[in-house]
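Order of appearance sets the numbers: ligands from 1, and atoms from 1 within every ligand.
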Amino acid sequence: MLGRLNHVAIAVPDLETARARWRDMLGATVSAVSDLPEHGVQVVFVELPNTKIELLGVLGEDSPIAGFLAKNPAGGIHHVCHEVADILEARDRLLAGGARILGDGKPKTGAHGKPVLFLHPKDFDGTLVELEEV
Ligand code: CO
């Protein structure tokens, strides 16, 4: 069911500082900062040969990143995203297996304009898992 690792998302307390560090210290190709108001995040994409890193910063009052940073002030790995060919089929298989889908269970449009779902971290060893249809 799972395809490629699409990205690892890292929540950061200061997005511009993190962006400069990945670019200048690690020599990575980084995008400009984009605002995703519907997700309450600002994001920078770090392009790697085999996957991406997404640096996530707080945007707005209800940002999901704010709570994460309150518990992890230095930042940290927020979620991993795997590609799936058919997100509704993947969801139904997961639900049938007893996994929980966050939110209303309907795919939303993710940072790359594709349908995404998030799985409950308690069902996956404390890791928030995103599925993205590609
Ligand atoms: Co993601």
Polar protein atoms near the Co ion (ligand 1) [N, O or S; cut-off under 2.8 Å]: His7 NE2, His79 NE2, Glu130 OE1
List the atom pairs, donor and acceptor, that lie under 3.5 Å between side-chain atoms in residues 7-16 and the rest of the protein, sequence neighbours left out.
unit_1, atom_1, unit_2, atom_2, d
His7, ND1, Glu54, OE2, 3.2
His7, NE2, Glu54, OE1, 3.4
His7, NE2, Glu54, OE2, 3.4
His7, NE2, His79, NE2, 3.4
His7, NE2, Glu130, OE1, 3.0
Asp14, OD1, Glu16, N, 3.2
Asp14, OD1, Thr17, N, 3.0
Asp14, OD1, Thr17, OG1, 3.2
Asp14, OD2, Thr17, OG1, 3.0

Taking atom CZ of Arg93 as the centre, report whether more than 12 heavy atoms of other residues, nucleotides or ligands fall under 6.0 Å from it. no
Residues Arg19 and Val44: closest non-hydrogen pair is CD-CG2, 3.8 Å
Of all the heavy-atom pairs spanning Ser34 and Phe45, show the shortest one and how long it is. OG-CE1, 4.2 Å
Passing candidate, side-chain contact (heavy atoms from CB on, under 4.5 Å) with Glu83, options Leu2, Asn6, Leu131, Leu5: Asn6
Does Glu133 pair with Lys114 as a salt bridge, N-O distance under 4.0 Å? no
